[in-house]
Amino acid sequence: MQDEYRTVEHEGVHEIEISRSRFICALAPAATEEEAQAFVARVRKEHPTARHHCWAYVIGADGSVQKASDDGEPGGTAGVPMLQMLVRRETRYVVAVVTRYFGGVKLGAGGLIRAYGGVVGEALDTLGTVTRRRFRLATVGIDHQRAGKLENELRATGRAVREVTYGADVSIEIGLPEADVAAFRAWLADTTAGAARFELGGEAYGDAT
């Protein structure tokens with residue numbers, strides 16, 4: 001399992017013009033293939049008169065799902081260079097759609113490869129990427145009297161507080177790097193004089209700090 005990966009935080013668009021052809025790259029985060037395909041369909045509707053809507057996406061922290069389409073461009077000149085750019089930049093859970101309005105001048109295979117791959121690279125530069133890091137989920141249980149102070153100390157020491165739930169006691173869900181689990185247990189016991197309950201959960205990805 002990957003320790004971290006890069007992705008785009010939000011949707012964005014970047015456009016270039018080459019020999020009067022417009023190449024409009026729309027990027028978006030996508031958690032699943034269904035989300036990626038829905039984004040492709042949405043971009044098609046936004047540009048109904050464009051000649052091509054080439055796309056590529058990478059799903060999975062380890063890049064296990066990689067798909068691309070040339071959408072009528074010569075084979076291997078559009079979707080593949082787009083996908084290669086996403087993979088080269090180590091981006092995951094991301095979809096790119098490049099809409100082309102043909103300008104009347106043929107670019108040749110090499111020109112198309114440079115244009116489609118290049119506009120994706122420029123779009124990533126323009127939008128910027130964020131790093132998601134793998135961590136362990138954990139729940140800290142504490143009585144109501146101590147909860148506010150403990151939550152403040154967790155945040156003050158840079159722990160990723162994800163959710164706070166109030167019930168018979170207070171449950172605070174946090175994210176911890178695997179390597180910090182043992183040290184955190186000791187810190188928690190010391191900070192709360194052994195009054196806190198600590199339970200390890202599964203794994204997830206979150207923003208790297």
Side-chain angles (χ1 to χ4, degrees), residues 1-134 203-208:
M1 195 173 181
Q2 291 286 111
D3 282 334
E4 63 181 43
Y5 64 88
R6 292 193 188 103
T7 191
V8 293
E9 196 164 24
H10 51 77
E11 294 181 17
V13 177
H14 179 72
E15 179 177 343
I16 62 174
E17 184 174 320
I18 300 174
S19 299
R20 298 201 299 275
S21 276
R22 294 172 62 201
F23 292 86
I24 306 166
C25 178
L27 280 177
T32 63
E33 282 197 77
E34 291 75 18
E35 282 188 21
Q37 291 288 356
F39 183 71
V40 174
R42 201 176 91 209
V43 173
R44 283 184 185 279
K45 286 183 179 178
E46 289 172 359
H47 298 276
T49 62
R51 180 172 290 195
H52 304 285
H53 300 281
C54 306
W55 53 262
Y57 57 76
V58 182
I59 307 295
D62 56 357
S64 56
V65 177
Q66 301 181 13
K67 294 187 179 178
S69 168
D70 296 313
D71 193 40
E73 293 282 29
T77 63
V80 170
M82 290 169 62
L83 181 61
Q84 287 174 338
M85 182 61 70
L86 294 176
V87 172
R88 190 181 310 146
R89 294 293 192 89
E90 299 179 343
T91 52
R92 307 287 187 263
Y93 294 109
V94 63
V95 55
V97 185
V98 176
T99 298
R100 182 189 182 192
Y101 287 93
F102 183 56
V105 179
K106 291 187 176 181
L107 302 181
L112 289 173
I113 289 169
R114 285 190 295 275
Y116 279 102
V119 72
V120 172
E122 287 188 21
L124 287 170
D125 288 339
T126 301
L127 264 69
T129 58
V130 292
T131 299
R132 307 272 193 231
R133 188 162 291 146
R134 184 162 59 97
E203 294 182 331
Y205 286 88
D207 291 348

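Note that the structure is predicted; figures quoted are calculated from it, not measured.
Trp55 has its side chain within reach of Arg44: a pair of non-hydrogen atoms, C-beta onward, lies under 4.5 Å apart. A 4.5 Å side-chain heavy-atom check between Val98 and Met82 finds at least one atom pair inside the cut-off. The closest side-chain heavy-atom distance from Gln66 to Val87 is below 4.5 Å. Counting only heavy atoms from C-beta outward, the side chains of Tyr116 and His52 approach each other to under 4.5 Å. In this structure, Cys25 and Leu27 have side chains that are in contact, with non-hydrogen atoms separated by less than 4.5 Å. Between Thr131 and Thr129 the shortest side-chain heavy-atom distance does not fall below 4.5 Å.
Nearest approach of Ala28 to Val8, heavy atoms of both residues: C-CG2, 3.6 Å. Nearest heavy-atom pair across Gly79 and Ala68 is O-CB, 3.4 Å. Residue Ala26 comes nearest to Val43 through the heavy atom pair CB-CG2, 4.1 Å, listed as atom of the first residue, atom of the second, then distance. Nearest approach of Val13 to Leu127, heavy atoms of both residues: N-CD1, 4.2 Å. Val40 approaches Val95 most closely through the heavy-atom pair CG2-CG2, 4.2 Å. Contact detail for Gly76 and Asp70: the closest heavy-atom pair is N-OD2, 2.9 Å.
Put simply, the side chain of Ser19 never gets that close to the backbone of Val105: no donor and acceptor are under 3.5 Å apart. Formation of a donor-acceptor pair under 3.5 Å by the Thr91 side chain with backbone atoms of Leu86 is found in this model.
With salt bridges taken as basic N to acidic carboxylate O contacts below 4.0 Å, one links Glu203 and Arg134. Between Glu73 and Arg100 a salt bridge is recorded (basic side-chain N to carboxylate O distance below 4.0 Å). Salt-bridge annotation for Glu4 and Arg92: absent, with no side-chain N of the basic residue lying under 4.0 Å from a carboxylate O of the acidic one.
Atom-to-atom distance recorded for His53:NE2 and Glu46:CD is 10.0 Å, nearest 0.5 angstrom. Summarising the geometry, atom CD belonging to Glu15 is positioned 11.5 Å from atom CD belonging to Glu122; distances are rounded to the nearest 0.5 Å. Here the OG atom belonging to Ser21 is positioned 11.5 Å from the NZ atom belonging to Lys106, to the nearest 0.5 angstrom. In this structure, OH in Tyr205 is found 12.5 Å from OG1 in Thr7, a value given to the nearest 0.5 Å. Expressed to the nearest 0.5 Å, how far CE of Met85 lies from CD1 of Ile113 amounts to 12.0 Å. Between the CG atom of Leu107 and the OG1 atom of Thr77 there is a distance of 9.5 Å, given to the nearest 0.5 Å.
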- Task: Please test Phe39 against Glu11 for side chain to side chain contact (heavy atoms under 4.5 Å, CB included), starting from the C-alpha separation and ending with a verdict.
- Result: CA-CA 10 Å; Phe39 183 71; Glu11 294 181 17; 3.7 Å; yes
- Apply the test salt bridge (Lys or Arg N to Asp or Glu O under 4.0 Å) to residues Glu17 and Arg22: give CA-CA distance (whole Å), side-chain angles for both, the deciding distance (0.1 Å), then the verdict. CA-CA 5 Å; Glu17 184 174 320; Arg22 294 172 62 201; 5.9 Å; no
- Message: Run Arg6 and Val130 through side chain to side chain contact (heavy atoms under 4.5 Å, CB included) and show every step you take.
- Response: CA-CA 6 Å; Arg6 292 193 188 103; Val130 292; over 6 Å; no
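Within a 6.0 Å radius of CZ in Arg89, other residues, nucleotides and ligands contribute more than 12 heavy atoms.
Remark: Glu33 engages Tyr57, Ile59, Val65, Lys67 in a side chain to side chain contact (heavy atoms under 4.5 Å, CB included) (not counting sequence neighbours). For the ring pair (Phe, Tyr, Trp, His ring centres under 6.0 Å) test, residues two or more places apart in sequence or in another chain that qualify with His47 are Tyr101.
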